[in-house]
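These figures come from a predicted structure and were not determined experimentally.
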Amino acid sequence: MVILGNKEYYKGIGKIEFEGKDSDNPLAFKFYNPEQIVAGKTMQEHFKFSIAYWHTFCGQGSDPFGPGTQKFIWDQSSNPLQAAKDKADAAFEFISKMGFNYFCFHDYDLIQEGATFAESEKRLALITDYIKQKKTDSGIKLLWGTANCFSNPRYMNGAATNPEFNVLARAGGQVKLALDATIALNGENYVFWGGREGYMSLLNTDMGRELDHMGQFLIKARDYARSQGFKGNFFIEPKPMEPMKHQYDFDSATAIGFLRHYGLENDFKINIEVNHATLAQHTFQHEIEVAAKAGMLGSLDANRGDYQNGWDTDQFPNNIQEVTEAMLVFLKAGGLQGGGVNFDAKIRRNSTDMEDVFLAHIGGADTFARALLTADKIITSSPYEKLRMDRYSSFDSGKGKEFADGKLGLQDLYNIAHENGELPLKSGKQELFENIINQHI
Ligand code: XLS
Ligand code: NI
Ligand code: NI
């Protein structure tokens with residue numbers, strides 16, 4: 001059911017339905033069929049598609065060379081609470097029309113930050129109540145909440161890693177309120193993206209102290225949320241750079257090492273963003289695999305980068321090859337722990353029609369759906385799995401198995417090497433694997 005506020009914001013656009021790949025209706029899903037079962041679950045259950053409040057309802061398209069190009073009708077009121085309510089109405093209308101079940105937010109996406117901390121707290125409480133009602137009316141859920149501790153100039157030297165204690169305390173206060181809002185809205189997870197947790201120059205930075213402060217900060221945030229009854233997961237969202245030159249949550253492996261060092265590995269998992277993976281010189285699937293291997297594959301921020309430049313362009317996913325390879329890892333990992341697929345993506349600055357943001361989300365959902373179908377086919381009815389397993393078959397029995405079980409020493413390896421002499425080369429068959437992927441796309 002499409003829930004409307006007093007006003008319809010996306011006029012002339014109805015509920016987006018699945019029409020199949022031969023449909024020529026641009027405002028219909030071609031591959032994303034929410035109820036269709038793939039590998040034992042509906043597509044809807046696999047993905048839990050979510051809308052990113054900040055891009056879709058707040059991002060007006062400004063860039064360093066010019067102001068925003070979007071004129072959002074919901075931004076017109078000069079009363080911040082009224083503007084926030086209008087934005088929430090637009091948001092819930094949009095999400096309902098997309099047929100998605102989730103959204104994600106930063107605290108000050110929901111309502112403009114006030115001039116004082118006390119005023120911000122009051123505003124956040126008011127809009128949280130309003131959104132609570134919208135959630136009840138529409139059945140739309142909160143995938144995760146987070147705090148924006150990176151935009152306000154006070155955080156220019158970091159939040160939890162700021163060299164000034166009072167700034168850290170302010171961030172703590174802000175995270176407490178964002179957690180309260182997330183809990184009040186039955187948020188299923190809570191995200192920490194360390195926006196300015198990192199440094200520009202080591203000359204003025206005591207990295208060891210900053211890391212310890214960040215560890216302590218996350219421990220206390222977890223303890224607070226648990227004391228308030230929060231049962232969901234905490235996620236770290238790694239990103240190697242931008243806005244800082246060196247960010248402490250560089251990639252999945254770095255974040256996992258950090259979490260284990262500070263004893264946070266049971267409460268925290270990883271939220272992997274495609275464009276952050278590629279900025280770290282990894283592939284999306286590599287990052288997923290690293291998190292899955294650690295038992296920490298929590299959630300995904302879906303988007304894509306640009307081959308020709310080196311920043312977080314946050315474009316909507318459309319690279320079937322990339323997402324198919326990711327879905328192979330995703331399926332084999334048994335999916336996400338608690339999270340979903342959040343479209344942390346924005347339309348281009350010159351995409352200014354109201355329908356463009358629908359087209360973007362349709363394309364993103366179809367990319368994931370098509371990739372999931374393809375990956376499932378590859379796993380269930382191609383030689384892919386067997387070829388991979390065969391590469392390691394020498395560890396399934398005999399000496400190989402003894403080694404894997406920890407029963408051979410270096411002297412044993414030496415003896416075997418002596419006995420064997422020179423070995424024939426064994427092809428890695430990369431091109432064959434690549435051809436299998438393409439054949440099934
Ligand atoms: C920025 C991040 C951010 C997080 C939430 O690059 O992707 O949007 O997802 O703070
Ligand atoms: Ni993100
Ligand atoms: Ni990002």
Side-chain angles (χ1 to χ4, degrees), residues 2-3 10 15-16 29 32 34 41-59 87-88 90-107 109-110 128 131-132 134-135 138-148 178 181-183 185-193 232-237 269-276 284 288 291 297-304 314-318 323 326-327 330 335-347 357-369 371-372:
V2 174
I3 303 287
Y10 298 93
K15 170 106 197 285
I16 308 299
F29 294 117
Y32 177 58
K41 279 192 233 173
T42 64
M43 287 192 179
Q44 192 165 234
E45 290 163 340
H46 274 292
F47 295 134
K48 293 165 72 178
F49 282 136
S50 162
I51 306 283
Y53 220 90
W54 53 102
H55 286 309
T56 301
F57 313 113
C58 310
K87 179 155 66 176
F92 279 75
E93 180 192 328
F94 178 79
I95 303 168
S96 303
K97 285 183 168 176
M98 282 305 305
F100 290 171
N101 298 324
Y102 287 94
F103 68 106
C104 296
F105 68 81
H106 300 86
D107 41 8
D109 300 337
L110 300 183
T128 300
I131 291 182
K132 207 172 181 174
K134 305 233 45 133
K135 280 184 70 250
S138 63
I140 291 167
K141 296 177 273 188
L142 174 60
L143 187 66
W144 49 261
T146 188
N148 179 337
T182 301
I183 294 167
L185 296 173
N186 271 319
E188 296 183 12
N189 308 278
Y190 185 87
V191 163
F192 291 91
W193 169 58
N233 294 303
F234 300 91
F235 297 141
I236 295 277
E237 182 178 323
K269 308 212 174 323
I270 308 293
N271 178 32
I272 294 163
E273 178 163 320
V274 187
N275 205 166
H276 298 183
F284 181 31
I288 297 179
L297 177 56
S299 205
L300 301 176
D301 266 10
N303 58 25
R304 77 176 201 274
D314 286 344
Q315 286 162 258
F316 275 83
N318 77 348
V323 183
M327 286 300 104
F330 171 97
L336 304 170
Q337 297 190 41
V341 176
N342 170 48
F343 289 108
D344 193 352
K346 57 189 174 203
I347 48 178
V357 75
F358 283 90
L359 299 173
H361 284 88
I362 290 169
D366 274 341
T367 300
F368 268 76
L372 183 79

Hey, does Phe235 have a side-chain heavy atom less than 4.5 Å from the side chain of Asp301? no

Give the ring-plane orientation class for Phe94 versus Tyr10, where under 30° counts as parallel, over 60° as perpendicular and anything between as tilted. tilted

Using a distance-only test with no angle check, is there a side-chain donor-acceptor pair under 3.5 angstrom linking Trp144 and Asn233? no

Minimal non-hydrogen separation, Phe316 against Ala360, with atom names: CD2-O, 3.3 Å

Taking every heavy atom of Ala178 against every heavy atom of Tyr190, the minimum-distance pair comes out as CB-OH, 3.5 Å

Heavy-atom closest contact (His106 atom, Asp109 atom, distance): N-OD2, 2.6 Å

So do Asn148 and Trp54 actually touch side chain to side chain, heavy atoms under 4.5 Å? no

Within-4.5 Å side-chain heavy-atom neighbours: Asp344 and Glu237: yes

Would you indicate whether the side-chain heavy atoms of Ile362 and Met98 approach each other to under 4.5 Å? yes

Are Phe105 and Leu142 close enough that some pair of their side-chain heavy atoms sits under 4.5 Å apart? yes

Look at the aromatic rings of Phe103 and Tyr53 and report parallel, tilted or perpendicular, splitting at 30° and 60°. tilted

Between the CG atom in Leu336 and the OG atom in Ser299, the distance rounded to the nearest 0.5 Å is 6.0 Å

Distance only, no hydrogens: is a donor on one side chain within 3.5 Å (strictly under) of an acceptor on the other, for Asp314 and Asn303? yes

Just by modelled atom types, is the Ile272 backbone N or O under 3.5 Å from a matching donor or acceptor in the His276 side chain? no

Do Leu297 and Lys269 have side chains that get closer than 4.5 Å, going by heavy atoms? no

Distance col, row Phe330:CZ vs His46:NE2, nearest 0.5 angstrom, shows 6.5 Å

Going by the rule salt bridge (charged side-chain N to carboxylate O under 4.0 Å, His left out), which residues pair with Lys48 if we only count those two or more places apart in sequence or in a different chain? Glu188

To the nearest 0.5 Å, tell me how far Glu93 CD sits from Ser138 OG. 12.0 Å

Pick from Lys134, Lys87, Lys97: which one makes a side-chain contact (heavy atoms from CB on, under 4.5 Å) with Phe92? Lys134

CG (Leu359) and CD1 (Ile16) are apart, to the nearest 0.5 Å, by 8.0 Å

Mind checking whether Phe343 and Thr56 have side chains closer than 4.5 Å, heavy atoms only? no

Scanning both residues in full, the closest heavy-atom pair of Lys15 with Gly99 reads CE-CA, 3.5 Å

Exercise: identify the closest heavy-atom pair between Ala302 and Val274: CA-CG2, 4.2 Å

Would you say Asn189's side chain and Leu143's backbone share a donor-acceptor pair under 3.5 angstrom? yes

So, the side chain of Thr146 versus the backbone of Val191: is there a donor-acceptor pair under 3.5 Å, distance only? yes

Excluding sequence neighbours, so at least two apart, what forms side-chain hydrogen bond (donor to acceptor under 3.5 Å, both in side chains) with Asp366? none

Angle between ring planes, Phe49 versus Phe47, binned at 30° and 60°: parallel, tilted or perpendicular? parallel

Once the angle between the rings of Phe100 and Tyr32 is folded into 0 to 90°, is it parallel (under 30°), tilted (30 to 60°) or perpendicular (over 60°)? perpendicular

Would you call Phe284 and Leu300 a side-chain contact if the rule is heavy atoms closer than 4.5 Å? yes

Who are the side-chain hydrogen bond (donor to acceptor under 3.5 Å, both in side chains) partners of Asn318, not counting sequence neighbours? Arg304

List the atom of Thr367, the atom of Pro317, and the distance in Å for their closest heavy-atom pair. OG1-O, 3.2 Å

For atom NZ of Lys135, decide whether the heavy atoms of other residues, nucleotides or ligands shown that lie under 6.0 angstrom number more than 12. yes

Leu110 CG to Cys58 SG distance, which is reported to the nearest 0.5 Å: 8.0 Å

